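First comes the structure, then the notes that go with it.
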Amino acid sequence: MQDGFQRKITYLRVSLTDLCNLRCRYCMPECGVEKFDHDRVLRFEEVEEIVRMAVELGVRKVRLTGGEPLVRRGLPALCAALNAIPGLEELTLTTNAVLLEEQAQALKDAGVRRVNISLDTLNPDKFRDMTRGGDLDRVLRGIAAARAVGMTPIKLNTVLIGGFNDDEIPALVELTRDRDLEVRFIELMPLGPGAAFPPSAFLPCTTVLERVPELREIGSSGVARLYRLPDGRGKVGLITPVSHDFCAECDRLRLTSDGKLKPCLHSDREIPLRGLHGEALRQTFLQAVALKPERHEELEPGRVSAGGRPMNRIGG
Ligand code: SAM
Ligand code: SF4
């Protein structure tokens, strides 16, 4: 699939649920989300049918996300079914790792070779506060389980939040010195509850280079610019959705858990796929790709994303 601006669309992010077992302050309202009527969430057979069509049309990489994907019962069976789709080259997921200790082996066996794990702080009290009640130790056990079953290299996603975790930049980078880990700092986006954070919370990723000047650039991977400590085994990634948008290289579509295709994260345009099959599904996919805007509006301070949904309802 190619959009109207000669960008090849090869990546689909699939949100399996809006629900989550954490309540990160920048992502979820404190009350959580209204429990969706069961019928509003795509059944796994529907997800499989949509992914199959996406792959037929040229998607090569699928990331399962949410909400928290691991709260969907039977996830390994879905992963095995998706992994068997001819032409799909990479199946990954993004998780908070709370349930990963129990599920890592089953997911690996189902063909999930790598996971991205969100971890914003190494301090248990700060973790409990930012996630409104989460247990850091459980997440660390989840990370250890993923490593133990060989889901490597593990990527840790850290949303950089001024006044919350910028003091931990050196400690987080240090994790990459003797471990085959990639720690990826991501700029906080003015989306959902994150939009209400004070201006001082929005730090550019260049802050990481100021705090750890010995980092050396080694290239890029997808939307991340990659760095390494001079004697580091792992890598540090900087992802800059706010200070530098990725629109020119954007290769992705998002599928929400209620079956809408979002051509752009920062646009409220959504194309419903539910109930479509065969040629109708194919044509609607192509229409969604044709609707991909050339770029989204600048997300400079004070601006709120036009994405229309908080991150837990889009699939980050
Ligand atoms: N629950 C899973 C997790 O936390 O990894 C997957 C879904 S979560 C919505 C995906 C990613 O979006 C997480 O890494 C989270 O930190 C990030 N995220 C959520 N809200 C964000 C915001 N306002 N700005 C930047 N990243 C955000
Ligand atoms: Fe849940 Fe992930 Fe959002 Fe945190 S960032 S509330 S873990 S969906």
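Below, all heavy atoms of this structure are taken into account, side chains as well, without hydrogens, waters or symmetry copies. Everything quoted here is computed from the prediction, not taken from an experiment. Both ligands and their constituent atoms are indexed starting at 1 by order of listing.
Below 3.5 Å of separation, one finds an N or O of T95 facing an N or O of ligand 1. Close N/O approach between D120 and ligand 1 is not found [any backbone or side-chain N/O within under 3.5 Å]. Polar contact with ligand 1: absent for V159 (N/O pair, distance under 3.5 Å). The N/O atoms of T94, backbone and side chain alike, include none that comes under 3.5 Å of an N/O atom in ligand 1.
In E30, the CD atom is not crowded: 12 or fewer heavy atoms of neighbouring residues, nucleotides or ligands sit closer than 6.0 Å. Counting non-hydrogen atoms of other residues, nucleotides and ligands closer than 6.0 Å to NZ of K155 gives a total above 12.
Side-chain atoms of E46 never come within 3.5 Å of backbone atoms of R274 as a donor-acceptor pair (strictly under, hydrogens ignored). For the pair R72 (side chain) and G66 (backbone), a donor-acceptor distance under 3.5 Å is absent. Using a distance-only test at 3.5 Å, with no hydrogens or angles considered, a donor-acceptor pair links the side chain of E68 to the main chain of N96. Checking side-chain atoms of R211 against main-chain N and O of D166 turns up a donor-acceptor pair under 3.5 Å.
Listed by number with element, the atoms of ligand 2 under 4.0 angstrom from any heavy atom of M28 are 6 (S). Near N96, meaning under 4.0 Å from any of its heavy atoms, are these atoms of ligand 1: 2 (C), 3 (C), 5 (O).
The closest heavy-atom contact to atom 14 (O) of ligand 1, among the options C27, A97, S118, P69, comes from S118. Evaluated by nearest non-hydrogen atom to atom 1 (N) of ligand 1, the leading choice among G66, G67, G192, A195 is G67.
Within the coordination shell of atom 4 (Fe) of ligand 2, defined by N, O or S atoms under 2.8 Å, C27 is absent.
Within the structure, ligand 2 has G67 among the residues with a heavy atom less than 4.0 angstrom away.
Contact annotation for C20 and ligand 2: only side-chain heavy atoms (C-beta onward) come within less than 4.0 Å of the ligand.
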